[in-house]
Amino acid sequence: MKMWQTLGIFTSVCAISEIIFQIYRYRLKRSSVRKKKNKTEVLFFPDKKVACINYFTSECENESCSFSHEENSLSKLFQFIHNAVKSVDVCVFVFTCTDLADLLIQAVGRGVSVRVITDCEQVDIPGSQIWRLRSQGIAVRTDNSSFYMHHKFVIIDNTRLLNGSFNWTRQAVTGNQENLLVTSDSQLVCLYKERFAKLWRQYKTKKDQ
Ligand SMILES: *[C@@H]1O[C@H](CO)[C@@H](O)[C@H](O)[C@H]1NC(C)=O
Ligand SMILES: *[C@@H]1O[C@H](CO)[C@@H](O)[C@H](O)[C@H]1NC(C)=O
Ligand SMILES: *[C@@H]1O[C@H](CO)[C@@H](O)[C@H](O)[C@H]1NC(C)=O
Ligand SMILES: *[C@@H]1O[C@H](CO)[C@@H](O)[C@H](O)[C@H]1NC(C)=O
Ligand SMILES: CC(=O)N[C@H]1CO[C@H](CO)[C@@H](O)[C@@H]1O
Ligand SMILES: [Zn+2]
């Protein structure tokens, strides 16, 4: 009889501590998920429809607008650039998307410092936005080699990094499978900032002085 009682107590103690342990683990997991969620997200492409730049940066008054008014990956990218207050450093292989060029030009108008690095062989391709950016006073530097300047990342306000496979083209928005990681992880942001600064120095020409 006594042995059964001892065993009973022992089992209950085990059960209770197991329950406490599971609750503790669950709460720990939840709080770390919450923290991480804020820090990092991934935008996946293709989007079904191209987002309406007017709708996501001011307002769209076109009743027959054929662009998407529903939030998607491109609309989030629009907002990241639209919300920049200090700087936007773009390092991208191909740049033909007019909406993204518009956003950079608007950013310069708000007093944001905008710098663009791109591949020298992509500057003159059809639809390239590079000359338009330059004509609006945006500093653009290119590599000077037969190797590709193949990076595709943006640093916003020195605190947020967007990096992935995403070229700044319409085709990458609604056609290709692409990813764009968005993070405020300060260590990653710092590494990419250093790389941007290095390339910016390296690609300086006499004209840039
Ligand atoms: C409104 O949107 C339609 C469809 O996208 C377009 O054809 C038309 O030019 C737009 N109108 C204005 C005033 O922007
Ligand atoms: C690019 O590099 C070549 C040789 O490496 C040089 O002759 C040329 O002037 C450079 N062009 C620019 C724009 O720096
Ligand atoms: C940046 O994007 C490229 C292309 O998708 C990928 O190979 C690389 O791992 C990414 N870097 C980070 C730190 O996510
Ligand atoms: C996008 O970038 C890839 C390299 O990552 C390149 O091969 C491809 O031609 C680019 N897409 C367009 C539409 O230019
Ligand atoms: C580091 C970071 O991105 N923090 C953000 C977490 O989410 C809140 C609310 O959405 C933002 O205000 C912070 O900037
Ligand atoms: Zn619209």
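All heavy atoms count here, side chains included; hydrogens, waters and symmetry mates do not. Order of appearance sets the numbers: ligands from 1, and atoms from 1 within every ligand.
Looking at Tyr192 against ligand 3, only its side chain comes within 4.0 Å, counting heavy atoms.
With waters neither drawn nor counted, the protein N/O/S atoms under 2.8 Å from the Zn ion (ligand 6) amount to 4.
At least one donor-acceptor pair under 3.5 Å links the side chain of Ser165 to the backbone N or O of Asn179. In this structure, the side chain of Arg115 does not engage the main chain of Ala139 through any donor-acceptor pair within 3.5 Å.
Counting Ile, Leu, Val, Met, Phe, Trp and Tyr side chains that sit under 4.5 Å apart, directly or through other members, Ile20 shares a hydrophobic cluster with Ile16.
Within the listing of ligand 3, atoms 14 (O) sit less than 4.0 angstrom from a heavy atom of Leu181. Within ligand 3, the atoms closer than 4.0 Å to a non-hydrogen atom of Asn179 are 5 (O), numbered from 1 in the order shown.
Across His82 and Arg110, no two heavy atoms sit closer than the pair O-NH2, 3.0 Å. Heavy-atom minimum distance, Asp119 versus Phe147: OD1-O, 3.7 Å.
Heavy atoms from other residues, nucleotides or ligands lying under 6.0 Å from CD of Gln202 number more than 12.
Between Arg132 and Asp102 the shortest side-chain heavy-atom distance falls below 4.5 Å. Looking at heavy atoms from C-beta onward, Phe95 lies out of side-chain contact with Val123 at the 4.5 angstrom threshold. The shortest side-chain heavy-atom distance between Asn158 and Val189 does not fall under the 4.5 Å cut-off.
For the pair Lys76 and Glu41, the salt-bridge criterion is met [side-chain N within less than 4.0 Å of a carboxylate O].
Under a 4.0 Å heavy-atom criterion, Phe153 is not in contact with ligand 3.
Within 4.0 Å of ligand 1, the residues that place a heavy atom are Asn62, Ser64, Cys65, Ser66, listed by chain and number.
Every residue two or more places apart in sequence or in another chain was checked for a ring-ring contact (aromatic ring centres under 6.0 Å, His included) with Phe78, and none qualifies.
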